[in-house]
Amino acid sequence: GLELSVNNHAADFTLSTELGPPISLSCLVHNSNQAEELLWYRGDGQVGLKDGNKVNISNICISPVNESDNGVTFTCKLARDKSLQVSVVLDVQFPPRLSGEETLHVEEDKDVTLTCRSKSNPQAQTAWYKDNHNLTLQQNHHNLYQTSEIFQLSIRKVRKSDNGTYTCVVESPLGKGTKDFHLIVEDKKPIFPKEAVIAAVVVVTVTVLFGIVARKNKFFKVQKAL
């Protein structure tokens with residue numbers, strides 16, 4: 001009848017919490033008539049415990065709780081029989097946090113992608129705005145791509161009318177996050193035809209060669225006259 005419990009849970013469970021305040025996990029041995037050593041793991045890595053915090057009862061503290069703790073599994077195991085264990089998965093909830101390159105310069109007729117990086121828990125709804133108005137997506141001109149942490153707007157062959165401020169909006173039950181992206185569409189740079197450039201180089205080269213030959217001929221004539 002030897003058992004373990006973590007925070008009074010004898011089976012695996014999920015613990016919901018928020019950013020900041022520390023949380024404590026307490027592992028306790030039940031129905032034992034001898035000293036039992038306990039082990040703690042964070043994911044696959046073992047947690048270092050002090051000598052007075054290993055026998056029959058063991059406590060660990062996560063402080064402060066941050067975004068990187070979300071989804072992490074903490075497991076208490078019996079040292080002499082590691083199959084006897086209880087795990088807790090942290091469900092760290094936090095409002096949307098956004099990041100991304102704020103100003104993008106792009107030449108007319110080129111493609112551009114605005115990448116809004118977003119972290120939130122629980123999952124959030126996303127939208128793009130242009131100059132504080134709902135962005136009307138145009139077929140073959142706009143394209144959206146989204147993962148759990150990336151929200152992208154791609155614009156194909158940008159036009160002068162695409163110039164403006166685009167806002168990434170991410171909203172969850174815990175709050176709303178916004179991020180502005182300033183898209184500056186620059187004039188298309190003139191492209192010189194490759195054939196014309198090659199022809200110009202050939203003309204210049206031939207002209208230089210003829211100049212050298214003419215100078216040599218003139219030099220030889222002067223030498224003969226002398």
Side-chain angles (χ1 to χ4, degrees), residues 14 16-21 43-44 64-73 89-209:
T14 298
S16 294
T17 185
E18 59 185 16
L19 293 177
D44 296 328
V65 175
N66 57 49
E67 294 170 12
S68 65
D69 296 314
N70 185 46
V72 174
T73 300
V89 178
L90 296 190
D91 176 32
V92 183
Q93 301 195 347
F94 52 93
R97 297 175 181 270
L98 278 59
S99 63
E101 187 178 352
E102 296 180 354
T103 303
L104 296 94
H105 296 260
V106 62
E107 190 179 322
E108 200 174 2
D109 274 348
K110 294 290 183 66
D111 298 342
V112 67
T113 297
L114 312 181
T115 301
C116 180
R117 292 178 177 82
S118 168
K119 286 188 176 183
S120 65
N121 185 34
Q123 282 288 91
Q125 293 184 331
T126 53
W128 281 100
Y129 288 76
K130 182 178 184 287
D131 297 329
N132 296 321
H133 294 89
N134 282 318
L135 176 63
T136 302
L137 299 178
Q138 300 174 25
Q139 191 174 7
N140 298 325
H141 188 56
H142 297 107
N143 185 53
L144 296 179
Y145 172 77
Q146 186 170 1
T147 66
S148 60
E149 294 188 2
I150 291 179
F151 187 37
Q152 287 182 331
L153 170 65
S154 296
I155 305 175
R156 186 172 178 269
K157 292 188 175 181
V158 297
R159 306 185 282 258
K160 286 289 186 178
S161 58
D162 294 316
N163 206 71
T165 299
Y166 293 78
T167 304
C168 171
V169 178
V170 181
E171 191 166 4
S172 80
L174 296 181
K176 181 170 75 172
T178 63
K179 181 74 176 176
D180 287 339
F181 295 81
H182 306 289
L183 181 62
I184 300 171
V185 181
E186 299 176 339
D187 292 334
K188 189 175 180 180
K189 296 175 183 175
I191 299 175
F192 294 101
K194 190 183 293 183
E195 293 81 2
V197 173
I198 294 173
V201 170
V202 170
V203 169
V204 171
T205 304
V206 170
T207 302
V208 171
L209 288 174

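Few gaps surround NZ on Lys160; more than 12 heavy atoms of other groups in view lie less than 6.0 Å from it. Applying the 6.0 Å contact sphere to CG of Asp131 captures more than 12 heavy atoms from other residues, nucleotides or ligands. Within a 6.0 Å sphere centred on CD of Gln125, heavy atoms belonging to other residues, nucleotides or ligands number 12 at most. Heavy-atom neighbours of Lys119 NZ from other residues, nucleotides or ligands within 6.0 Å: at or below the threshold of 12.
Glu102 CD to Asp180 CG: the interatomic distance, rounded to the nearest 0.5 Å, is 8.0 Å. Note that CG of Leu104 and OG1 of Thr113 are 9.0 Å apart. Values are rounded to the nearest 0.5 Å. One distance of note links CD of Glu107 with NZ of Lys188; it measures 7.5 Å at 0.5 Å rounding. His182 NE2 to Leu114 CG: the interatomic distance, rounded to the nearest 0.5 Å, is 11.5 Å. Put simply, CG on Leu174 and CG on Asn121 are 8.0 Å apart, with the number rounded to the nearest 0.5 Å. Taken to the nearest 0.5 Å, the CZ atom of Arg156 stands 6.5 Å off from the CG atom of Asp111.
Residues Asp162 and Val112 are not in side-chain contact: their nearest non-hydrogen atoms beyond the backbone lie 4.5 Å or more apart. Using a 4.5 Å heavy-atom threshold, the side chains of Val169 and Trp128 count as separate. Contact check for Glu67 versus Leu19: side-chain heavy atoms found under the 4.5 Å cut-off.
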| task | Tell me, with the steps shown, if Cys168 and Leu98 meet side chain to side chain contact (heavy atoms under 4.5 Å, CB included). | result | CA-CA 9 Å; Cys168 171; Leu98 278 59; 4.0 Å; yes

| request: May I have the step-by-step check of side chain to side chain contact (heavy atoms under 4.5 Å, CB included) for Asp109 and Val158, ending in yes or no? | output: CA-CA 5 Å; Asp109 274 348; Val158 297; over 6 Å; no

| Evaluation steps, side chain to side chain contact (heavy atoms under 4.5 Å, CB included), between Tyr145 and Ser154 | CA-CA 8 Å; Tyr145 172 77; Ser154 296; over 6 Å; no

| said: Using side chain to side chain contact (heavy atoms under 4.5 Å, CB included), reason through Leu153 and Phe181 one step at a time and then give a plain yes or no. | reply: CA-CA 11 Å; Leu153 170 65; Phe181 295 81; over 6 Å; no

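Put simply, the side chain of His142 never gets that close to the backbone of Ile155: no donor and acceptor are under 3.5 Å apart. A donor-acceptor pair is defined here as one N or O able to donate and one able to accept, closer than 3.5 Å; such a pair exists between the side chain of Asp69 and the backbone of Asn66. Proximity of a side-chain donor or acceptor of Lys179 to a complementary backbone N or O of Tyr166 within less than 3.5 Å is not detected. Not one N or O on the side chain of Asp91 forms a donor-acceptor pair closer than 3.5 Å with the backbone of Ser16.
Pairing each heavy atom of Ser120 with each of Ala124, the nearest pair is OG-CB, 3.6 Å. Residues Glu108 and Arg159 come closest through the heavy atom pair CG-CA, 4.4 Å. The minimum heavy-atom distance between Gly175 and Pro96, with the atom names listed, is O-CD, 3.5 Å. For the residue pair Gln123 and Pro173, the shortest heavy atom distance occurs at O-CD, 4.4 Å. Counting all heavy atoms, side chain and backbone alike, Thr103 lies closest to Ile184 at CG2-CD1, 3.9 Å.
For Glu171, the side chain to side chain contact (heavy atoms under 4.5 Å, CB included) criterion is met by Lys176, not counting sequence neighbours.
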